[in-house]
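The block underneath contains the structure these notes are about, expressed in structure tokens.
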Amino acid sequence: MAASTVELYTGALMPLLGLGTWQSAPGEVQEAVELAIDNGYRHIDCAHIYGNEKEIGAGINSRIQKGVVKREDMFIVSKLWNHFHEQEEVKPAFMKTLTNLNLSYLDLYFMHSPMGTKLHKDQSEAVESSDVDYIDTWKEMEKLVDEGLVKAIGVSNFSVAQLERLLSACRIKPAVHQVELHPYLTQPRLVQYCKFKGIVLTAYSPLGSPERPFRRDDEPVLLDDHVVNEIGKNYGKTSAQVLLRYHVQRGVAAVPKSVTPSQIKENIQIFDFSLSEDDMITLEGLNRNWRIAKWEFDGLPNHKFYPFKED
Ligand SMILES: NC(=O)c1ccc[n+]([C@@H]2O[C@H](COP(=O)([O-])OP(=O)(O)OC[C@H]3O[C@@H](n4cnc5c(N)ncnc54)[C@H](OP(=O)(O)O)[C@@H]3O)[C@@H](O)[C@H]2O)c1
């Protein structure tokens, strides 16, 4: 079963269901990518900071060489990490990703967050904020489009105010905004704003990121939500499938991560049913503004471009 697509303002079609790869170990991600492609996935969500782009590239290329897919059938996405926001660092960071993935272009390149950082002067592991403005970083990303190295550029983890500022300064508009989205964090204002501006959304952590390293025992478990479970039973679907269908039904892409064969297959079996209008409203009503990824490491909450102050 192939995933349905959403059209970006560039005219490109982005598959609504993609494979997430954060915390997919280098030793298991190649197999996961190959199995995903064999089962209809055409969108792979990568990032330099996940440390596994070489193995993901090996998986994609093995399926191209086998004739299962052509490069142009795939929608490959990666992200510029915070350490590489300086003008002279953007292109080398992009090229590193392209080399690791062993590809000649990307379909979409995100700025991973608006917050530039750098290693501490003493060259220790400590990270500190940098003053670089995300507008200046964006201008370098625009050049990657000019050079034909990437088909579209986007942002991730921006606030509405930051998007507004970027839109007033950019030459090439962001095509996609990747943010945390699920029924416990529905972000209606942000979603409406992006829709109004013609920016497509990708939902990250759509299953509630159960294996996140900073998980606390007193936090809710989205996949165990009773209401989500009950809705699934009515359609003969799992909670994961309901959580993913909720996004794609409204034109929001979702990138669930999995390295488990049965779950990789399960997560794309969402294009053979529709949630009723009432169920969509019920899911939206579960919102509790519960943000999983607060970006609380490296002193980022004090960064001048910390995006979640509006919460
Ligand atoms: N832009 C950003 O700042 C940002 C931040 C976070 C994430 N992301 C992207 O979004 C992707 C997804 O987010 P995420 O990794 O945080 O979490 P997620 O996709 O919400 O959850 C992944 C977890 O759910 C498990 N899982 C997958 N399918 C399942 C199913 N059908 N039933 C039960 N459990 C299932 C996975 O287990 P197994 O792997 O063991 O199968 C894994 O532990 C990331 O991998 C990354 O690509 C982007």
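In listed order, ligands and their atoms are each counted from 1. This one's a predicted model, so the numbers in the text were calculated from it and none came from an experiment. Heavy atoms only: backbone and side chains are in, while hydrogens, waters and symmetry mates are out.
- Not a single heavy atom of Ala293 lies less than 4.0 angstrom from ligand 1.
- The ring pair (Phe, Tyr, Trp, His ring centres under 6.0 Å) pairs that include a residue from residues 199-230 number zero, where partners must be two or more places apart or lie in different chains.
- At a heavy-atom cutoff of 4.0 Å, ligand 1 is contacted by both the backbone and the side chain of Pro206.
- In this structure, a donor-acceptor pair under 3.5 Å is present between the side chains of Glu266 and Thr238.
- When the shell of 6.0 Å around CD of Gln87 is examined, it contains 12 or fewer heavy atoms from other residues, nucleotides or ligands.
- Considering backbone and side-chain N/O of Ala240, none are found under 3.5 Å from N/O of ligand 1.
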Side chain to side chain contact (heavy atoms under 4.5 Å, CB included) evaluation trace for Ser24 with Lys257: CA-CA 8 Å; Ser24 297; Lys257 175 263 177 186; 3.3 Å; yes

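- At least one heavy atom of Trp295 sits less than 4.0 Å from an atom of ligand 1.
- Within the 4.0 Å heavy-atom criterion, the part of Glu266 lying near ligand 1 is the side chain and not the backbone.
- Classification of Lys118 and Glu86 as a salt-bridged pair fails, no side-chain N sitting under 4.0 Å from a carboxylate O.
- With a 4.0 Å heavy-atom cut-off, ligand 1 is reached by no atom of Thr238.
- Of the possible donor and acceptor atoms, one in the side chain of Asn61 sits under 3.5 Å from a partner among the backbone N and O of Leu101.
- The atoms of ligand 1 that sit less than 4.0 Å from any heavy atom of Gly20 are 11 (C), 45 (O), 47 (O).
- Neither the backbone nor the side chain of Ile292 has any atom closer than 4.0 Å to an atom of ligand 1 (non-hydrogen atoms only).
- Between Leu207 and ligand 1, a contact under 3.5 Å exists for at least one N or O pair.
- No N or O atom of Lys79 sits closer than 3.5 Å to an N or O atom of ligand 1.
- Nearest heavy-atom pair, Lys237 versus Gln241, reported as atom, atom and distance to 0.1 Å: CD-OE1, 3.2 Å.
- Of all atoms in ligand 1, listed by their number and element, those nearer than 4.0 Å to a heavy atom of Tyr50 are 4 (C), 8 (N), 9 (C), 46 (C), 47 (O), 48 (C).
- Taking every non-hydrogen atom of Gln178 and a distance limit under 4.0 Å, the qualifying atoms of ligand 1 come out as 1 (N), 2 (C), 4 (C), 8 (N), 9 (C), 48 (C).
- Both tests hold for Arg288 against Tyr184: distance to the six-membered ring centre under 6.0 Å, angle to the ring axis within 45°.
- When Ser258, Ser209, Ser239 are checked for heavy-atom proximity to atom 18 (P) of ligand 1, Ser209 turns out nearest.
- The distance criterion of under 3.5 Å between nitrogen or oxygen atoms is not met by Pro210 with respect to ligand 1.
- Tyr105 carries Lys151 over the face of its six-membered ring, with the cationic atom under 6.0 Å from the centre and within 45° of the normal.
- Between the choices Glu28, Gln241, Lys257, His112, the shortest heavy-atom distance to atom 15 (O) of ligand 1 belongs to Lys257.
- Contact annotation: for Asn157 versus ligand 1, heavy atoms closer than 4.0 Å belong to the side chain alone.
- Salt bridge absent: Glu142 and Lys139 never bring a charged side-chain N and a carboxylate O closer than 4.0 Å.
- Shown in contact with Val259 at under 4.0 Å from a heavy atom are these atoms of ligand 1, numbered in order with element: 38 (P), 39 (O), 41 (O).
- Heavy-atom neighbours of Glu31 CD from other residues, nucleotides or ligands within 6.0 Å: at or below the threshold of 12.
- No donor-acceptor distance shorter than 3.5 angstrom exists from the side chain of Asp45 to the backbone of Val255, with no hydrogens or angles considered.
- For Ser156, a nitrogen or oxygen atom sits less than 3.5 Å from a nitrogen or oxygen atom of ligand 1, counting backbone and side chain alike.
- When non-hydrogen atoms are compared, ligand 1 lies under 4.0 Å from neither the backbone nor the side chain of Phe110.
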